[in-house]
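Naming convention: chains lettered A, B, ... in sequence-line order (proteins, then strands); numbering from 1 in each chain. The structure displayed is predicted, hence computed values, not measured ones.
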Amino acid sequence: MISQLRQAGTLIGLVLIVVFFTVQLPETFLTARNLINVSQQISMLAVVAFAMTVVMVMTDFDLSVGSMASLAGIVAAVLFTADQPVWLAVVAALAVGVLGGVVNGVLVAVLGILPFVATLGTLTIYSGAAFWISDGKTIFGRDIPKGFSEFARGGVSLDAVGFAGVSLPYMTILALVVLAVVWVTLEHTTYGRRLYAIGGNAEAARLAGVRVRWLRLSAFAITGLGAAVAGLMYASRVASANPTQGAGLMLDAIAAVFLGMTMGKEGEPRALATLVGVLILGILDNGLTQMKVDSYVREMLVGTIVIAAVATSSIGRRA
Amino acid sequence: MAEPLEFSAMTKRYGAATVLSDVSLRLSPGRVHALMGENGAGKSTLIKLLAGVVPADSMLVRQGARTLPLRSAADAHAAGFRVIHQELNIVPQLSVAENILLGQPIPQRFGLLVHWAELARRARAALAELGVSHMDVRRQAGGLGTGDRMLVKIAAALVQDAGQTACLYVLDEPTAALNGAEAEKLFAVIGRLKQQGAAILYVSHRMAEVMDICDDVTVLRNGRHILTTEIAQTSRDQIIHAMTGRDVADAYPPRRTPLGDAVVCAAEGVSTARLTGLTFTLRQGEILGVAGLAGAGQGDVLSLFLGSVRPTAGKAVLSGGVLPTSPAQAWARGVAHVPQERRSEGLMMRMGVRANALLPHLTGVIARKGPERRRVADLSAAVNLKAAGPEQSLWQLSGGNQQKVMFARAMAGQPKLLLLGEPTRGIDVGARFEIYKLIRALADGGCGVLLSSTDLPELLGLCDRILVLQAGRQATILSPDGMAPADLLGALQAAPLALETT
Ligand SMILES: Nc1ncnc2c1ncn2[C@@H]1O[C@H](COP(=O)(O)OP(=O)(O)OP(=O)(O)O)[C@@H](O)[C@H]1O
Ligand SMILES: [Mg+2]
């Protein structure tokens with residue numbers, strides 16, 4: 001009973017937040033346009049958070065996702081500058097993400113370095129690489145091809161379902177696709193089940209025939225790929241690439257997964273629960289901005305809410 | 001200290017399940033009281049209540065005219081209760097000495113530095129009380145085997161008496177991983193505590209020792225009180241009947257098919273880091289026991305064929321091929337394994353029965369819940385599992401039921417070679433013989449079995465031959481025919497050269 005309440009607590013929190021902003025901002029908050037807007041704003045965070053969930057299922061971390069996202073964006077932009085086609089730049093950026101993830105995976109799974117330390121190191125390395133490749137400059141303007149930057153502006157029109165003049169952004173759709181892929185992978189494949197087993201007890205999993213090294217390595221690669229996707233989305237959205245633009249994603253993504261973990265039966269991360277975490281963070285940001293709350297105050301509020309949610313969920317656990 | 005302790009109206013509910021229902025218990029000074037019951041009957045729950053580590057829904061504790069408040073572990077300690085819980089909680093990073101003196105004021109030098117020599121001296125003294133001298137108290141406790149860990153916990157409970165006297169000692173399955181020799185030492189200590197006038201509450205699934213060392217017995221079934229009597233007034237069969245509500249056939253199932261000719265696995269002159277001179281062949285359908293005192297190297301015999309330990313010398317084969325180089329390979333080649341240390345090496349405590357039981361048997365890309373649930377339901381029935389359902393988390397199961405999940409995992413995949421490390425640890429009498437039947441059925445089907453156990457009657461009852469290890473060396477291979485547990489214990493302890501090889 002208590003545990004059900006605790007599990008539902010975070011979801012109730014989300015509903016309360018929505019109700020609060022609906023009352024405070026009756027004109028603007030609960031409108032199709034604003035919600036669509038929120039979904040687009042949070043789409044990059046969502047992709048990183050879903051990717052982060054994959055490693056956090058094994059109780060690992062990836063602190064390098066933010067700088068990996070920046071690096072991927074920069075790699076694409078540099079290729080654009082060299083007049084390469086869009087597809088090539090995109091593939092190269094994704095490959096950089098996978099490669100970065102594999103490096104993390106080798107450090108953690110093969111060399112046995114703690115994920116916190118290993119990815120803290122690669123965070124700096126990837127961020128340095130992004131600066132180095134871009135000469136520390138923002139790449140933008142005419143260098144970014146229209147075909148690439150229009151992705152972030154385009155969408156599927158919702159006229160047919162009764163929302164005249166509103167369209168569902170491609171960014172949102174992409175985030176939903178990533179969610180679906182991560183959800184299926186974690187919940188419905190033997191691969192995902194093994195990742196959870198590693199998180200449950202890595203030594204026991206190994207002795208039960210799970211290829212722990214290989215799985216951890218591949219999971220980090222998936223997270224790297226997710227970070228690169230988010231980096232490309234960001235670059236497309238602002239039609240530019242800057243070596244620090246992904247920096248804020250990492251902490252928010254981890255916070256979102258933690259918020260989601262409060263909903264797990266045993267406090268484990270789940271893809272759909274991470275979505276709730278992302279929505280809480282995204283809606284708070286949107287609503288507070290509309291209410292013209294100072295951004296520093298906003299940050300303090302968000303931090304407090306994350307701690308409060310995690311704290312209340314650990315009360316009553318294991319009673 | 002002369003007054004008995006009376007516990008009454010002990011009730012505990014978890015959600016909708018009542019796991020302890022209005023149980024009373026009277027513990028007299030100078031007597032050893034056995035608490036018996038099937039796996040999940042509520043023994044450990046009762047102990048957690050009286051130790052103050054889990055809040056009771058109701059409980060009344062009186063000592064003579066006094067009512068004792070028991071709301072926390074500190075209350076229980078102040079009341080003079082010393083409890084050794086079923087789950088072993090040692091701190092693996094700390095030394096053996098620190099673990100033994102945990103919770104005691106640390107001896108200091110200049111009021112500032114830890115007085116290591118004094119710490120070690122006190123820890124050694126505590127172990128010496130138990131007659132244990134083989135342990136280096138300065139080493140990290142994480143490297144200890146289960147038996148040694150239990151000895152450390154027992155020593156820790158004894159040492160806490162500095163200054164203040166204890167009136168009740170509670171031991172929840174202390175012998176589950178101890179071999180005969182270590183258990184004897186523990187019984188001697190229990191005898192001394194009894195002499196000193198302490199009451200002792202004792203839980204064990206080993207019937208023989210209960211009949212030997214206990215004075216009274218209380219039996220629980222499904223959280224209810226069934227019977228309290230003096231051991232002298234009852235019998236083994238009556239206790240088992242009270243526990244299970246039925247008559248349990250406790251005969252070891254005999255072999256029904258002759259041994260096959262094919263060799264399942266073999267070793268010749270194999271050494272590992274902790275073992276030398278391993279030489280044997282295991283034929284299809286054969287059950288080979290692996291026996292030794294604590295730390296004699298039993299674990300490595302199993303690990304060798306699981307691919308988690310590499311041989312440093314000699315030659316070993318698995319079904320005609322080379323040894324597996326990883327557990328993943330081993331499972332894929334039809335090896336199944338019940339690890340000696342179920343908590344650290346076997347179970348994912350925060351995951352469900354289904355995830356735990358089927359982990360090595362996941363195949364294909366898509367995991368399908370429906371068929372998995374049905375499979376787990378069948379397995380659960382086969383091993384007599386008492387759980388709320390296939391998704392109940394393992395930490396919520398009783399110790400014996402966790403062990404049954406381990407066994408279910410090993411038997412699920414129709415193994416060709418079964419590596420069993422203490423397979424029936426903590427499993428109740430009734431279920432134990434069900435498990436023996438399952439092992440026998442697998443063997444009759446041609447599966448080879450390596451059975452490492454500290455339960456000597458189990459080794460003698462099930463095995464075709466018993467490989468004896470002494471301090472990391474293979475001493476001999478015995479035939480169990482006509483042997484009594486005491487003979488086998490003698491063989492484990494004897495000097496290697498004095499042994500006849502059969
Ligand atoms: N935290 C919990 N939540 C739900 N059920 C629990 C919890 N802890 C114990 N139980 C249930 O209570 C029952 C009694 O468990 P307990 O550990 O007392 O059994 P036991 O008699 O010690 O058995 P064993 O011989 O296997 O050690 C079991 O059915 C167990 O599943
Ligand atoms: Mg128990």
Subject >> Interface residues of residues 356-366 of chain B facing chain A - non-hydrogen atoms under 4.5 Å apart >> reply: B:Leu359, B:Pro360, B:Leu362, B:Thr363, B:Gly364, B:Val365, B:Ile366
Subject >> chain A contact residues among residues 411-421 of chain B, heavy-atom distance under 4.5 Å >> reply: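 Residues in range: none.
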Original post:
Do B:Arg354 and A:Arg193 pass the side chain to side chain contact (heavy atoms under 4.5 Å, CB included) test, and can you show the C-alpha distance, the side-chain angles, and the key distance before you say yes or no?
Top reply: CA-CA 11 Å; B:Arg354 175 173 62 98; A:Arg193 299 278 306 283; 3.4 Å; yes
**OP:** Please test B:Met348 against A:Tyr196 for side chain to side chain contact (heavy atoms under 4.5 Å, CB included), starting from the C-alpha separation and ending with a verdict.
**Re:** CA-CA 9 Å; B:Met348 300 160 297; A:Tyr196 278 107; over 6 Å; no
Is the count of non-hydrogen atoms from other residues, nucleotides or ligands lying under 6.0 Å from [X] atom [atom1] greater than 12?
X: B:Arg71; atom1: CZ; result: no
X: A:Arg213; atom1: CZ; result: no
X: B:Arg375; atom1: CZ; result: yes

**OP:** Can you tell which part of B:Arg342 gets under 4.5 Å to a heavy atom of chain A, answering side chain, backbone, both or neither?
**Re:** neither
Original post:
Would you say B:Lys369's side chain and A:His188's backbone share a donor-acceptor pair under 3.5 angstrom?
Top reply: no
**OP:** For chain A, find which of B:Ala328, B:Ser393, B:Gly307, B:Ala367 contributes the most heavy-atom pairs closer than 4.5 angstrom.
**Re:**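 Looking at each of B:Ala328, B:Ser393, B:Gly307, B:Ala367 in turn, B:Ala367 comes out on top.
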Original post:
Taking every heavy-atom pair that is under 4.5 Å apart, which of B:Glu391, B:Gln396, B:Glu345 has the most such pairs with chain A?
Top reply: B:Glu345
**OP:** Apply side-chain hydrogen bond (donor to acceptor under 3.5 Å, both in side chains) to A:Arg216 and list each qualifying residue two or more places apart in sequence or on a separate chain.
**Re:** A:Asp60
Subject >> Contacts with chain B made by residues 199-210 of chain A (heavy-atom distance under 4.5 Å), listed by residue number >> reply: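 So the qualifying residues are A:Gly200, A:Asn201, A:Glu203, A:Ala204, A:Ala205, A:Arg206, A:Leu207, A:Ala208, A:Gly209, A:Val210.
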